[in-house]
Amino acid sequence: MNKICTSLEQSQKLIELGIDVNTADMFYLRADIALGEIECYPNVLHREEVGDDIPAWSLAALMDVLDRGALFKTPKGWACQSYIEFKAITSDYYNNPIDACVAMIEKLHEQKLL
Amino acid sequence: MKSYTNLEQSKKLAEILPLKSADMRFCFSHTLGGRVTGHYPMIGREPSMGTIPCWSLAAMLSVLDFPSLTQNKEDEWEVCIPNHKSDEYIEASAYNPVDACYKMIIRLNELNLL
């Protein structure tokens, strides 16, 4: 099955980068992780009702964070592109769109463009 | 931001796409008497009695042939794929990327290009 949302590691990275956790639309339950079960749930509840969860981002949520980013697939794989001040910034190629979007967010953050 | 197909869209896609392409499902809540009181999304297919497959944005893009996803000046999301039969491109747009992808899949099905 294709990747549906950011991994735990990617989610934690995005939080460290300062991405607003309210833009996340899925979550991992800490209680599940403690039991060795890593399962993601759609966030259909208010965060305070869910409890001690770790936010996760689906592809739609990541595209919303990128704000006018472009996503495309080529024979090399999936890549993201953003135009900042008339300059095109492109991610590397990945085998799934989630990784391409996360890489783009990291790249924009490194260049202080996000 | 809408992250996955709604119930109506999911039912339509289930008629068109291989069910294994779905990465989520709708489950239904019932009263003790068996009356359906609502539905909620879950990650994963696990097709079983009473669930309806559902597609995230990532899952829908993955069934398309080299898609691109961009946002235009009118804030509409556009999905575009090459039409190998005519050397042109096929486009679909909507105010969120999930609906744009859904429209694309419906259009491709109507054109017998899926």
Side-chain angles (χ1 to χ4, degrees), chain A residues 1-7 20 22-29 32 37-45 49-50 55-83 88 90 93-102 104, chain B residues 1-7 10 17-27 29 38-47 53-82 89 94-102:
Chain A
M1 197 164 70
N2 292 316
K3 194 166 177 176
I4 189 171
C5 65
T6 49
S7 65
D20 183 1
N22 291 310
T23 60
D25 58 349
M26 299 199 171
F27 64 94
Y28 294 98
L29 275 174
D32 283 356
E37 298 168 8
I38 301 179
E39 189 172 350
C40 196
Y41 299 88
N43 186 8
V44 296
L45 304 173
E49 293 175 7
V50 172
W57 284 259
S58 72
L59 180 60
L62 291 171
M63 291 300 293
D64 202 28
V65 168
L66 283 171
D67 190 24
R68 296 191 178 281
L71 176 68
F72 52 93
K73 186 180 181 186
T74 75
K76 289 185 188 177
W78 292 91
C80 252
Q81 190 171 70
S82 280
Y83 281 90
T90 308
Y93 294 90
Y94 297 84
N95 63 10
N96 71 80
I98 299 274
D99 289 354
C101 282
V102 172
M104 178 54 107
Chain B
M1 170 71 88
K2 186 174 177 179
S3 308
Y4 45 85
T5 50
N6 60 31
L7 196 57
S10 298
L17 298 176
L19 298 186
K20 64 180 181 181
S21 64
D23 57 353
M24 296 177 68
R25 66 195 187 277
F26 278 112
C27 301
S29 47
H39 62 277
Y40 54 94
M42 289 292 285
I43 307 292
R45 287 196 301 275
E46 293 182 27
C54 172
W55 282 258
S56 71
L57 176 61
M60 285 193 287
L61 283 174
S62 294
V63 302
L64 299 177
D65 195 19
F66 297 113
S68 67
L69 176 65
T70 57
Q71 201 172 10
N72 64 24
K73 293 176 187 176
E74 285 77 39
D75 282 343
E76 280 187 315
W77 290 88
E78 292 181 346
V79 177
C80 185
I81 66 164
Y89 285 87
Y95 281 101
N96 69 75
V98 169
D99 287 349
C101 272
Y102 172 78

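Note that this is a predicted model, so its numbers are computed, not measured. Protein chains get the first letters and strands the later ones, always in sequence-line order, with residue 1 at the start of each.
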_Which atoms of B:S3 are under 4.5 Å from chain A, going by heavy atoms: the side chain, the backbone, both sets, or neither?_
both
*Do A:M63 and B:L69 have side-chain heavy atoms sitting under 4.5 Å apart?*
yes
*Sort by residue number and list every member of residues 74-82 of chain B having a non-hydrogen atom under 4.5 Å from chain A.*
B:D75, B:W77
*Could you state the interatomic distance from OG1 (B:T70) to CD (A:Q81), rounded to the nearest 0.5 Å?*
10.5 Å
*Can you name the nearest heavy-atom pair linking B:M42 to A:Y41, along with the distance?*
CE-CE2, 3.9 Å
*Flag the pair A:P42 / B:P41 as yes when at least one side-chain heavy-atom distance between them is below 4.5 Å, and no otherwise.*
yes
*side chain to side chain contact (heavy atoms under 4.5 Å, CB included) with B:L57: which of A:L71, A:L59, A:I4, A:I98?*
A:L59
*Under the 3.5 angstrom rule, does the side chain of A:R68 hit a backbone N or O of B:N72 as a donor-acceptor pair?*
yes
*Check each atom of A:S58 against the heavy atoms of chain B and say whether the ones under 4.5 Å are side chain, backbone, both or neither.*
side chain
*asked:* Are more than 12 heavy atoms, taken from residues, nucleotides or ligands other than B:F66, located less than 6.0 Å from that residue's CZ atom?
replied: yes
*In Å, rounded to the nearest 0.5 Å, how long is the span from SG of A:C40 to CE of B:M24?*
9.0 Å
*Got a sec, which residues hit side-chain hydrogen bond (donor to acceptor under 3.5 Å, both in side chains) with B:S62, two or more places apart in sequence or on another chain?*
A:N2
_Heavy-atom pairs under 4.5 Å with chain B, option from A:P75, A:P97, A:G69, A:A61 with the top count_ = A:P75
*asked:* I need the A:D67 CG to B:Q71 CD distance, nearest 0.5 Å.
replied: 6.5 Å
